[in-house]
Amino acid sequence: MKNFISINECSAEELRELLDESAELKKLYKGGGRDVCLAGKVLAMLFEKPSLRTRISFHVAMTDLGGSAIYVKPEDIGGIGKREPVKDMARVLSRYVDGIMARTFEHSTVVELAEFATVPVINALTDWSHPCQAMADVLTIKEHLGRLEGVKVAYVGDGNNVARSLAFACAKLGMKLVVASPKGYELDAETIETAERIAAGSVEQVNEPKRAVSEADIIYTDTWVSMGQESEKKKRIKVFKGFQVDAKLVKLAGSSVKVMHCLPAYRGLEISDEVVESKNSVVFDQSENRLHFQRALLKKLMS
Ligand code: CP
Ligand code: NVA
């Protein structure tokens, strides 16, 4: 494993190893221990979009492992692929740093960085996928339910980057995912086909939230308006009416269901404040697990 670009390119065994390592490092760090396997190593972090969780958790993970991180905004370097080609950036950065992580609009930017870099490249979210989030999510599910195999996840909302990576993670790890999206906002057919092809689990697409959440162990949602879609906000709020994860919908799944959201959450739109603050919500455990998963990922790729 040289890079971490998309979950569908990893084997189930690699994913399970990463989850085990995440749990081990989590225990170590919670107990006051340290593993400085990346002493002296440097990660370059390129961001075309805003971030709270990803930026801080990667920086902390690098520091925890004895290394350091450099945060790069597009304006600092004249834009990604604008002042110079992405392939040149990849080769220049590879001469300075030991790893590159990037959050970009186009998925192809991260793919091109990986193609030309001689150091590991990590996808920190693109318009197409968010694999680090999905892995922190499955770690969270495993902690709360004690298993992954056979777990039913109902994703209610936009068939976006977060939904796609979750679909691949569920398919690889033997979970059952049902995605409920309005017509025209479903996961694309190619993603469903890929998920079905790699499946130890199953991925189903429906258009009714109620149908998706029935007997679900997990209800998951994400924003209706992803970064870069701001101009569609008005339209999307209309289209997604009826897809809010509120107390009524959660009740249909039963009292022990866990509610997940990658955050940031837009309360009153895709999720109600009541649900975010309820005992069913594990959203902050998910956020925390970004750090624990990424420590394991950085250790695997860079040490
Ligand atoms: N969930 C997530 O990736 O959050 P940020 O956009 O704040 O990094
Ligand atoms: N789908 C959201 C996820 C944010 C972490 C977005 O791309 O903006």
Side-chain angles (χ1 to χ4, degrees), residues 4-7 22 43 45-62 69 71-74 80 101-110 122-141 153 155-169 177 179-182 185-188 191 218-233 235-237 239-240 243-245 259-267 269-271 276 281-295 297-298:
F4 188 66
I5 306 295
S6 179
I7 287 179
S22 305
L43 178 73
M45 310 195 296
L46 315 181
F47 281 88
E48 285 186 332
K49 301 177 179 183
S51 169
L52 172 70
R53 280 145 290 271
T54 306
R55 175 181 174 181
I56 309 296
S57 58
F58 264 104
H59 196 137
V60 172
M62 277 307 291
Y71 172 65
V72 188
K73 287 189 289 218
I80 297 178
M101 74 88 121
R103 166 169 287 195
T104 62
F105 287 97
E106 300 284 331
H107 186 71
S108 58
T109 307
V110 171
I122 297 171
N123 174 359
L125 181 148
T126 68
D127 287 349
W128 191 74
S129 64
H130 198 2
C132 293
Q133 182 66 53
M135 289 304 288
D137 297 339
V138 289
L139 179 63
T140 310
I141 294 171
V153 181
Y155 177 97
V156 179
D158 193 16
N160 62 12
N161 45 7
V162 167
R164 185 170 292 105
S165 291
L166 191 64
F168 293 149
L177 176 70
V179 181
S181 316
Y185 293 81
E186 298 102 336
L187 278 174
D188 57 294
T191 294
I218 304 288
I219 298 176
Y220 197 120
T221 190
D222 181 22
T223 182
W224 297 336
V225 189
S226 284
M227 293 178 277
Q229 298 173 333
E230 291 77 9
S231 65
E232 297 172 37
K233 187 171 175 181
K235 183 182 157 204
R236 284 177 164 266
I237 289 176
V239 171
F240 282 87
F243 282 77
Q244 184 183 95
V245 174
V259 178
M260 302 181 73
H261 192 309
C262 59
L263 303 183
Y266 298 90
R267 291 162 160 86
L269 294 178
E270 76 275 4
I271 194 162
V276 176
S281 165
V282 296
V283 301
F284 300 110
D285 294 340
Q286 286 175 262
S287 291
E288 181 184 330
N289 279 336
R290 291 293 304 276
L291 169 64
H292 302 303
F293 167 69
Q294 288 156 198
R295 263 201 227 104
L297 179 67
L298 291 166

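Predicted model only: the values in this text are computed from it and were never measured. Counting starts at 1 for both ligands and their atoms, in listed order.
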N/O donor-acceptor pair under 3.5 Å between S129 side chain and S165 backbone: no

Audit row: T109, T126, side chain to side chain contact (heavy atoms under 4.5 Å, CB included) steps and yes/no: CA-CA 9 Å; T109 307; T126 68; over 6 Å; no

Any N/O of L263 closer than 3.5 Å to an N/O of ligand 1? yes

Could you tell me whether the side chain of N289 and the main chain of H292 form a donor-acceptor pair under 3.5 Å? no

Heavy-atom contacts under 4.0 Å between D158 and ligand 2: side chain, backbone, both, or neither? neither

In sequence, state the C-alpha distance, the side-chain angles, and the governing distance for V259 and I271, and then conclude on side chain to side chain contact (heavy atoms under 4.5 Å, CB included). CA-CA 10 Å; V259 178; I271 194 162; 4.0 Å; yes

Is it true that a side-chain atom of R103 and a backbone atom of L125 form a donor plus acceptor pair closer than 3.5 Å? no

Hey, is the main chain of L269 close enough, under 3.5 Å, to the side chain of Q244 for a donor-acceptor pair? yes

Between A167 and L177, which heavy-atom pair has the shortest distance, and what is it? CA-CD2, 3.4 Å

Test your reading of the structure: does L125 have an N or O sitting under 3.5 Å from an N or O of ligand 1? no

With respect to M227, determine whether any N or O atom, backbone or side chain, lies less than 3.5 Å from an N or O atom of ligand 1. no

Please state which protein non-hydrogen atom is closest to atom 4 (O) of ligand 1 and give its distance, to 0.1 Å? R53 NE, 2.7 Å

Compute the minimum heavy-atom distance from K49 to ligand 1 and say whether it is under 4.0 Å. no

Against heavy atoms of S51, which atoms of ligand 1 measure under 4.0 Å? 5 (P), 6 (O), 7 (O), 8 (O)

Out of the candidates F240, Y155, W224, only one should pair with Y185 under the ring-ring contact (aromatic ring centres under 6.0 Å, His included) rule; please name it. F240

Would F58 and F47 count as a close aromatic pair, with their ring centres under 6.0 Å? no

For ligand 1, find out whether one of its N or O atoms is nearer than 3.5 Å to an N or O atom of R290. yes

Please state which protein non-hydrogen atom is closest to atom 3 (C) of ligand 2 and give its distance, to 0.1 Å? D222 OD2, 3.6 Å

Classify the ring geometry between F168 and W128 as parallel (under 30°), tilted (30 to 60°) or perpendicular (over 60°). tilted

Please indicate whether any nitrogen or oxygen in S226 is less than 3.5 Å from any nitrogen or oxygen in ligand 2. yes

Do me a favour and list the nearest non-hydrogen protein atom to atom 8 (O) of ligand 2 with residue, atom name and distance? M227 N, 2.8 Å

Shortest protein contact, atom 7 (O) of ligand 1 (heavy atom only): L52 N, 2.6 Å

Donor-acceptor check, side chain of E232 to backbone of Q229, threshold 3.5 angstrom: yes or no? no

To which protein heavy atom is atom 7 (O) of ligand 2 closest, and what is the distance rounded to 0.1 Å? N161 ND2, 2.8 Å

In terms of residue, atom name and distance, what is the protein heavy atom nearest to atom 3 (O) of ligand 1? H130 NE2, 2.8 Å

Work out whether the distance between some heavy atom of L263 and some atom of ligand 2 is less than 4.0 Å. yes

What atoms in ligand 1 come closer than 4.0 Å to a heavy atom of C262? 1 (N)

For atom 6 (O) of ligand 1, what is the nearest protein heavy atom, given as residue, atom name and distance? R103 NH1, 2.8 Å

